Amino acid sequence: MGTDVTGTWRRGVRSGVTIDRRATDVAPGDWPAIPAGEGAGVTVIDLGVPAPDGVDCGAAARARPVVVCRPTVPGVRLTEQLLEQLARRPVVVAAVGPSRWPGEVSASLGPRLRALRAAGRVIPVPTDRRLEVTGPTSSPLPRPVRSAGRSLLERIDDGHPGGAARSSAALTDPARTPEETRR
């Protein structure tokens with residue numbers, strides 16, 4: 001990861017996926033320009049927060065929001081509020097944690113998150129102790145995390161021609177041997 005010339009974005013690249021993440025906290029009026037994607041792969045822009053009103057998120061027609069939440073009562077309540085702000089956009093939710101949610105969490109779901117779950121647009125993303133400590137490194141991602149990533153990309157690309165094939169290719173690790181891929 002390195003920062004851009006302005007020092008406001010950190011960029012990382014892995015197997016055809018470019019990730020740009022805000023490097024600094026800024027006031028809404030000083031929001032940095034969203035970096036342009038490069039190449040034919042997938043570009044992920046991690047805002048860390050919803051984009052403030054009036055911010056140009058680049059190719060808005062191609063943008064597909066992913067909301068990340070934890071399956072906790074406060075997490076789903078906050079997610080429901082954010083989904084209200086994104087009401088007119090197709091959204092996918094990455095639920096980081098156990099795939100089976102406690103009863104209290106399921107009972108706390110609002111109408112938007114409940115509808116997304118019913119439509120298969122809430123994807124469970126398992127936690128991994130190594131990734132929680134080190135973050136992504138040059139090592140291959142654990143198989144359950146890669147699988148969740150593929151599911152997310154497929155849902156993100158629903159209805160976009162050629163999207164799912166591109167998404168699966170983006171998560172293939174070219175450094176792995178065929179034997180490692182089958183494991």
Side-chain angles (χ1 to χ4, degrees), residues 9 12 14 17-22 25-28 31 34 37 42-133 135-136 141-168 170-171:
W9 294 98
R14 182 185 187 117
V17 177
T18 301
I19 300 174
D20 289 313
R21 180 176 306 137
R22 283 185 315 125
D25 287 329
V26 294
W31 194 264
I34 304 294
V42 175
T43 299
V44 175
I45 300 173
D46 180 358
L47 299 175
V49 296
D53 290 337
V55 170
D56 177 17
C57 287
R62 292 187 348 233
R64 298 175 200 100
V66 175
V67 175
V68 179
C69 80
R70 296 265 181 188
T72 64
V73 172
V76 299
R77 286 181 181 162
L78 183 60
T79 300
E80 190 69 31
Q81 290 174 9
L82 182 56
L83 292 173
E84 174 71 29
Q85 294 174 22
L86 299 169
R88 294 184 196 109
R89 309 266 325 257
V91 176
V92 176
V93 175
V96 179
S99 59
R100 185 172 176 169
W101 293 7
E104 299 91 345
V105 173
S106 295
S108 299
L109 295 178
R112 286 176 178 76
L113 193 51
R114 188 179 314 278
L116 288 171
R117 278 189 86 188
R121 298 189 63 82
V122 176
I123 308 299
V125 179
T127 56
D128 180 271
R129 300 294 264 165
R130 181 180 56 87
L131 289 175
E132 286 179 336
V133 172
L141 293 171
R143 186 181 305 142
V145 174
R146 280 195 321 265
S147 177
R150 283 188 190 97
S151 295
L152 269 170
L153 286 171
E154 287 170 2
R155 293 297 181 274
I156 290 168
D157 280 339
D158 281 353
H160 293 82
R166 183 189 72 237
S167 300
S168 292
L171 283 178

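Computed from a predicted model, the values in this text were never measured in an experiment. Positions are given from 1, in the same order as the sequence printed here.
For the pair Pro124 and Val122, the tightest heavy-atom approach, listed with the atom from each and the gap, is CD-O, 3.7 Å. Residues Pro71 and Pro102 share a closest heavy-atom pair of O-CD, 4.3 Å. Arg114 and Ala107 make their closest contact through NH2-O, 4.5 Å (heavy atoms, listed as atom of the first residue, atom of the second, distance). Across every non-hydrogen atom of Leu141 and Arg146, the tightest pair is O-NH1, 2.6 Å.
Applying the side-chain hydrogen bond (donor to acceptor under 3.5 Å, both in side chains) test to residues at least two apart or on different chains, none of the pairs has a partner in residues 93-104. Residue pairs meeting the salt bridge (Lys or Arg N to Asp or Glu O under 4.0 Å) criterion with at least one member in residues 69-82, sequence neighbours excluded, do not occur.
The only member of Ile156, Val93, Leu152, Val66 that meets side-chain contact (heavy atoms from CB on, under 4.5 Å) when paired with Ile123 is Leu152.
In this structure, Leu113 CG and Leu78 CG are separated by 11.0 Å, a value rounded to the nearest 0.5 Å.
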Which atom pairs, donor and acceptor, lie under 3.5 Å between side-chain atoms of residues 125-133 and protein residues at least two apart or in another chain?
from   : atom 1 : to     : atom 2 : distance (Å)
Asp128 : OD1    : Arg130 : N      : 3.1
Asp128 : OD1    : Leu131 : N      : 3.0
Arg129 : NH1    : Glu132 : OE1    : 3.4

